[in-house]
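Note that these values count all heavy atoms, side chains included, but never hydrogens, waters or copies made by symmetry.
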Amino acid sequence: MTLKTVAGRLETAAETDPGLVIALRAAYRGRHDVQDALWWRAHPLSRSPGGHPDPLVGLGAEQAAVYSRSRIDGPLSEVADPDTGEPVSATLGEHRLRELTRLLAQDAAALDLVLVSFRGWPGFGPEEDDPEPDPAPASPGGARPDRRPARGILLVAAGGVAGLLIGVAVTLALRAP
């Protein structure tokens, strides 16, 4: 089951399960309401049922403003790069784009952690997209080993690496003349 599918199922289940909403809010560390975040993951670039726009929509506008051939460059200012601490010269638009990209990556990572930890929430049924488990030998207690936690850790790590790569790419793009 993909994380997008998990988000959709959790969002739907949260509509009628107040206990699930409480558990999700306790686990989520993002900037937005967890139900909105779940909605946006399941329905990208759309408004949540509460009418809130997906923050990802603003990324396109910022990128267009920064990378447009017809843009008018404002004065350069220096700020410390959040990753290296090195001073970085950039326009105000470039600083806004870098900050928005950082915040979106943090939001995605926070939601990924929730989705991985709630992936087996009761009532989801079997994971349709998962292959059948290997016929692994039984452990000494007779139980088969569960491979889900390792896969969840790998998914979270992959999300973190992707966020880091996006941040580095944006930083390098903003430093280019």
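- Identified under the salt bridge (Lys or Arg N to Asp or Glu O under 4.0 Å) test for residues 36-64, with sequence neighbours left out: Arg41-Asp112, Glu62-Arg96.
- With Trp40 contributing its side chain and His52 its backbone, the two residues share a donor-acceptor pair below 3.5 Å.
- Note on Trp39 and Leu56: separate hydrophobic clusters, where clusters join Ile, Leu, Val, Met, Phe, Trp and Tyr whose side-chain heavy atoms are under 4.5 Å apart, directly or indirectly.
- Taking all atoms of both residues into account, the shortest heavy-atom contact from Gly30 to Ala110 is N-CB, 3.8 Å.
- Contact of the Val21 side chain with the Val34 side chain is not registered, since no non-hydrogen atoms from C-beta on lie closer than 4.5 Å.
- Every residue was checked against the side chain to side chain contact (heavy atoms under 4.5 Å, CB included) condition with Ala61, not counting sequence neighbours, and none meets it.
- Under the 4.5 Å side-chain heavy-atom criterion for Ile, Leu, Val, Met, Phe, Trp and Tyr, Ile166 and Leu45 are members of the same hydrophobic cluster.
- Here Ser117 pairs with nothing under the side chain to side chain contact (heavy atoms under 4.5 Å, CB included) rule; sequence neighbours left out.
- In this structure, Pro44 and Lys4 have side chains that are in contact, with non-hydrogen atoms separated by less than 4.5 Å.
- For residues 20-33, every residue pair satisfying the salt bridge (Lys or Arg N to Asp or Glu O under 4.0 Å) rule, not counting sequence neighbours, is listed here: Arg25-Asp33, Arg31-Asp107.
- Residues meeting the salt bridge (Lys or Arg N to Asp or Glu O under 4.0 Å) test with Glu11, sequence neighbours left out: none.
- The structure places CG of Leu38 at 6.0 Å from CG of Leu115, a figure rounded to the nearest 0.5 Å.
- Within the 4.5 Å cutoff, side-chain heavy atoms of Leu20 are placed close to those of Phe118.
- Cluster partners of Leu103: none. The rule joins Ile, Leu, Val, Met, Phe, Trp and Tyr whenever side-chain heavy atoms lie under 4.5 Å apart, and it links nothing here.
- The hydrophobic cluster containing Leu24 also contains Leu111, counting ILVMFWY residues as joined when their side-chain heavy atoms lie under 4.5 angstrom apart, directly or transitively.
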